[in-house]
*Asks:* 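Here it is: the structure, laid out below.
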Amino acid sequence: MALNSFKNLLFAILFFVSVISFAQEKQTITIEYAGIAVSDPEIEDGALVFLRDESQQVHFVHKGVNMWCDKAIYYEDQDYIEAFSNVQMKQGDSINMVAKYLEYSGKTQLAFAQGDVVLTEPQSVLTTDKLHYDRTRQLAYYDTKGKVVRDSSGTITSQIGRYYMNAKKYQFTQDVVLVNPDYTLNTERLDFFPDNGHAYLFGPSTIVGEKSKIYTERGFYDTKTNIGHFQRNAKIDYENRTVIGDSLYFDRNKSFASATNNIKITDTINNSVVKGHYAEVWRDKDSIFITKRALAITVQERDSVYLHADTLMVTGKEENRITRAYYNARLYKSDLAGKADSIHVNHKTGLTQLINLSRFSSTDAFATKRKPALWNLGNQMTGDTIHLISNVETEKLDSLKVFNNAFLVSKDTISEDGYNQIKGQRLIGLFRDNELYNVDIIKNAETIRYMRNEANELIGIQKSKSGSINIQIIDKAIEEVIFKNQIDGNIFPEADFPRSGRRLRGFDWRGEERPMSVEDLFKDDPPLVLPKIQGLEDYVPPEDFIDDSAAERIEEAGKDTPNKPNKAARNLPKKTTVMPLKPKVKQVEESKEEKEKEGQ
């Protein structure tokens with residue numbers, strides 16, 4: 001009998017050791033502490049109920065995760081536990097979660113938390129009503145709306161969210177809103193890295209601050225430095241100015257933005273548009289720098305003005321705005337065109353200056369070609385510097401001044417190589433309804449003029465010199481010429497007037513350089529080579545919380561208890577269908593009036 005008792009004891013010890021070894025190998029849930037442990041047949045056969053005592057909560061562990069609660073039900077055959085009241089789950093020193101209720105499977109390592117769930121990691125705090133957690137993939141998931149709070153970045157809310165613990169990355173979808181003291185971000189999809197504050201935006205997105213509004217359909221924003229990069233229909237609104245381009249860079253702290261490729265900057269206050277392929281915008285300074293096929297359009301009710309150069313700079317507030325165009329600057333409107341090395345426009349006074357840069361000396365063989373030129377209807381005016389004055393209220397030309405080496409040339413209406421020419425030290429012209437009607441040539445005035453009768457028959461060629469000349473122009477033709485302090489002058493029959501004398505000294509007809517359309521402004525530009533924009537990576541749809549690996553684990557967990565419901569399959573999230581992103585359709589077709597207005 002004693003031998004039998006010894007055998008039973010030895011069997012019990014060996015069985016206990018084998019169970020412990022098996023448990024250690026399987027690493028089932030272990031109860032570290034419980035104040036009270038009882039069985040309850042009403043719950044389920046074999047289930048144990050653990051309650052806390054006055055000293056501490058129920059404490060259980062599984063593969064490095066510690067969990068505490070006031071009450072727990074442990075289903076040993078399925079290695080599944082339910083935790084109630086003041087639940088806490090802690091993984092290492094970085095992840096901590098609290099909730100009112102928790103379910104956890106030791107076989108699948110899937111957890112489900114419900115009721116005031118708070119997940120805390122070093123850089124952020126996630127709160128939601130329901131949270132799913134896959135320890136194998138280190139993935140937390142909610143689909144009942146959640147909120148993530150980060151001190152420096154603000155608060156992020158969304159309907160659906162995922163947190164990848166290994167990558168330290170949040171992935172938010174559906175009704176995503178990031179609220180920061182300086183701005184509010186709305187988007188459809190947001191990938192957020194709490195450690196560095198980097199946010200990646202996908203789909204129609206806006207970032208609205210006190211002084212700016214950004215729209216993009218693919219973008220990056222650094223919530224720590226307030227610097228962003230945006231593509232795909234990207235647009236920045238600065239109060240009365242809108243910037244669009246293929247790629248936009250934005251620095252909120254400096255109130256600075258730059259744009260690359262297919263840029264359009266619209267100023268609603270000054271009714272102007274600037275285009276090009278690289279631009280910098282300083283909001284506080286109200287300044288724009290733009291190059292690469294730069295074009296400024298002053299939109300007027302009847303006839304817009306187009307200004308093109310290698311580089312354009314627009315500076316100053318609307319009440320005192322200055323536009324500078326330099327290097328091969330060209331000006332065009334339907335009844336006026338100009339060309340100079342540099343063009344300077346004061347929008348407040350209506351003064352436009354066409355300037356010959358000093359770097360081109362008078363001894364330069366190409367200096368004559370570099371002189372500013374202005375064309376009005378059939379008249380060409382050149383000189384060292386030209387000032388054009390407009391009435392800022394009526395938007396009509398008022399007057400012009402040509403300083404030094406003034407030259408007025410118009411082609412004779414009939415002869416092939418005949419030109420009416422007037423030159424002097426200075427020229428002052430007056431406009432009526434944008435047509436030149438009065439011209440004064442001051443000091444050392446000379447003229448060669450083809451005289452015709454009412455039948456347009458050539459009477460002769462007039463050549464004269466005087467102190468000054470006054471010219472009256474009617475219907476685009478010289479009607480009357482008045483010589484003051486005339487030195488000499490005569491009218492010669494065409495046959496008696498030598499061809500070698502039919503050009504005044506300094507004559508330079510440049511009609512072939514005159515822009516006849518907006519497109520002509522660019523005809524001398526070198527081929528345009530735009531940089532290729534790399535852009536952000538394409539959007540990768542989020543994976544389902546229950547992927548193939550999780551589904552296999554759930555199925556495997558139920559095999560040990562085939563006659564019981566598989567508890568590991570409880571409270572699983574529904575599979576969500578990720579709808580394709582639907583960007584706003586960019587308006588490509590413009591009305592004919594808009595195209596004509598902007599010169600497209």
Side-chain angles (χ1 to χ4, degrees), residues 8-34 36-51 57-85 87-91 95 97 99 101-114 130-141 165 543-575:
N8 291 336
L9 178 63
L10 180 61
F11 176 79
I13 293 174
L14 291 175
F15 177 77
F16 179 76
V17 170
S18 64
V19 168
I20 293 297
S21 300
F22 181 75
Q24 289 177 344
E25 181 181 348
K26 288 270 190 177
Q27 295 191 41
T28 57
I29 297 171
T30 301
I31 307 300
E32 290 289 313
Y33 181 85
I36 301 173
V38 296
S39 61
D40 188 344
E42 293 184 2
I43 297 175
E44 187 175 300
D45 183 32
L48 295 176
V49 179
F50 299 94
L51 302 174
Q57 290 182 291
V58 179
H59 179 198
F60 50 98
V61 299
H62 183 250
K63 292 187 175 181
V65 169
N66 288 270
M67 291 166 271
W68 296 266
C69 63
D70 293 340
K71 173 185 176 181
I73 301 176
Y74 180 52
Y75 303 90
E76 185 176 8
D77 56 352
Q78 296 197 44
D79 198 25
Y80 194 85
I81 199 165
E82 293 181 72
F84 302 84
S85 182
V87 180
Q88 181 180 10
M89 172 186 265
K90 190 171 184 180
Q91 178 176 293
I95 303 297
M97 182 177 70
Y101 174 74
L102 175 74
E103 295 180 8
Y104 179 76
S105 169
K107 293 184 177 182
T108 64
Q109 298 190 70
L110 293 175
F112 168 72
Q114 185 175 8
K130 296 178 181 179
L131 185 71
H132 302 270
Y133 177 35
D134 186 340
R135 289 193 59 209
T136 301
R137 290 186 291 160
Q138 289 293 287
L139 170 62
Y141 171 82
M165 297 179 183
E543 58 185 326
D544 288 322
F545 180 78
I546 303 299
D547 65 353
D548 292 341
S549 65
E552 291 177 2
R553 281 181 277 144
I554 293 170
E555 184 180 358
E556 188 67 26
K559 290 181 178 180
D560 292 338
T561 54
N563 297 322
K564 290 184 178 181
N566 186 0
K567 295 189 181 300
R570 290 173 56 180
N571 291 314
L572 299 179
K574 295 179 180 179
K575 185 174 182 179

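Starting from 1, each residue takes its place in the sequence as its number. Atom set for the values below is all heavy atoms of this structure, side chains included, hydrogens, waters and symmetry mates excluded.
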*Asks:* Could you tell me which non-hydrogen atom of C69 sits nearest to which non-hydrogen atom of V87, and how far apart they are?
*Replies:*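 Heavy atoms only, the tightest pair is CB-CG2, 4.1 Å.
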*Asks:* Between Q78 and A568, which heavy-atom pair has the shortest distance, and what is it?
*Replies:*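 Here Q78 and A568 meet closest at OE1-N, 4.4 Å.
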*Asks:* Going by the rule side chain to side chain donor-acceptor pair (under 3.5 Å), which residues pair with H132 if we only count those two or more places apart in sequence or in a different chain?
*Replies:*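 For H132 there are no side chain to side chain donor-acceptor pair (under 3.5 Å) partners, ignoring immediate neighbours.
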*Asks:* Find out whether V58 and K71 are in side-chain contact, i.e. whether some heavy atom of one side chain is under 4.5 Å from a heavy atom of the other.
*Replies:*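 Result no, sub-4.5 Å side-chain heavy-atom pair not found.
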*Asks:* Which residues pass the salt bridge (charged side-chain N to carboxylate O under 4.0 Å, His left out) test with R553, sequence neighbours left out?
*Replies:*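 With neighbours one apart ignored, the set is D134.
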*Asks:* Go through the structure and list residues passing salt bridge (charged side-chain N to carboxylate O under 4.0 Å, His left out) with K90, not counting sequence neighbours.
*Replies:*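 Listed in chain order: nothing, the list is empty.
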*Asks:* Name all residues meeting the salt bridge (charged side-chain N to carboxylate O under 4.0 Å, His left out) criterion together with K574; count only those two or more places apart in sequence or in a different chain, and write none if there are none.
*Replies:*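 K574: no salt bridge (charged side-chain N to carboxylate O under 4.0 Å, His left out) contacts found.
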*Asks:* Are N66 and H59 packed together at the side-chain level, in the sense that at least one heavy-atom pair is separated by less than 4.5 angstrom?
*Replies:*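 They are in contact (side-chain heavy atoms under 4.5 Å apart), so the answer is yes.
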*Asks:* Could you pull out all residues at least two apart from E543 that satisfy salt bridge (charged side-chain N to carboxylate O under 4.0 Å, His left out)?
*Replies:*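 Here the qualifying residues are R137.
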*Asks:* Is there side-chain contact between L102 and F84, with heavy atoms separated by less than 4.5 Å?
*Replies:*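 Counting from C-beta outward, L102 and F84 never come under 4.5 Å.
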*Asks:* Report the residues that fulfil side chain to side chain donor-acceptor pair (under 3.5 Å) with S85, sequence neighbours left out, ordered by chain and then residue number.
*Replies:*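 Scan of S85 (side chain to side chain donor-acceptor pair (under 3.5 Å), adjacent residues dropped) gives D70.
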*Asks:* With a 4.5 Å limit on heavy-atom distance, are the side chains of Y74 and I29 in contact?
*Replies:*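 The answer is yes, as the side chains (C-beta and beyond) meet within the 4.5 Å cut-off.
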*Asks:* Quiz question: by atom type and distance under 3.5 Å, do the side chains of Y75 and E82 form a donor-acceptor pair?
*Replies:*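 The answer is yes; a qualifying pair exists.
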*Asks:* List the residues meeting side chain to side chain donor-acceptor pair (under 3.5 Å) with D77, not counting sequence neighbours, and say none if there are none.
*Replies:*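 Side chain to side chain donor-acceptor pair (under 3.5 Å) check on D77 returns K564.
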*Asks:* Mind checking what makes side-chain contact (heavy atoms from CB on, under 4.5 Å) contact with A569, not counting sequence neighbours?
*Replies:*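 Partners of A569 by the side-chain contact (heavy atoms from CB on, under 4.5 Å) criterion, ordered by chain and then number, come out as I554, N566, L572.
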*Asks:* Test of understanding: with side-chain contact (heavy atoms from CB on, under 4.5 Å), list the residues that count as partners of I31, not counting sequence neighbours.
*Replies:*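 side-chain contact (heavy atoms from CB on, under 4.5 Å) check on I31 returns A34, F50, F60, I81.
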*Asks:* Once side-chain contact (heavy atoms from CB on, under 4.5 Å) is applied, do any residues pair with Q109, and if so which ones, sequence neighbours excluded?
*Replies:*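 Testing Q109 for side-chain contact (heavy atoms from CB on, under 4.5 Å), a comparison that skips the adjacent residues, returns H62, K63, Y104, R135, T136.
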*Asks:* With side-chain contact (heavy atoms from CB on, under 4.5 Å) as the criterion, how do I73 and I43 come out once you've worked through the C-alpha distance, each side chain's angles and the decisive distance to 0.1 Å?
*Replies:* CA-CA 9 Å; I73 301 176; I43 297 175; 3.7 Å; yes
*Asks:* Would a distance-only check, ignoring hydrogens and angles, find a side-chain to backbone donor-acceptor pair under 3.5 Å from T30 to E32?
*Replies:*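 Answer holds: no.
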*Asks:* Does any N or O in the side chain of D547 come within less than 3.5 Å of the main-chain N or O of A550, such that one atom is a donor and the other an acceptor?
*Replies:*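 Yes: the side chain of D547 pairs with the backbone of A550.
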*Asks:* Can you list everything that forms a side-chain contact (heavy atoms from CB on, under 4.5 Å) with N571? Sequence neighbours excluded, please.
*Replies:*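 Residues passing side-chain contact (heavy atoms from CB on, under 4.5 Å) with N571: E103, F112.
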*Asks:* Please confirm whether K107 makes a cation-pi placement over Y80, using NZ or CZ under 6.0 Å from the six-membered ring centre and within 45° of the ring normal.
*Replies:*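 Here K107 fails the 6.0 Å and 45° test against Y80.
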*Asks:* Using side chain to side chain donor-acceptor pair (under 3.5 Å) as the criterion, list what pairs up with Q138, not counting sequence neighbours.
*Replies:*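 Per chain and number, Q138 pairs via side chain to side chain donor-acceptor pair (under 3.5 Å) with Q91, Y133.
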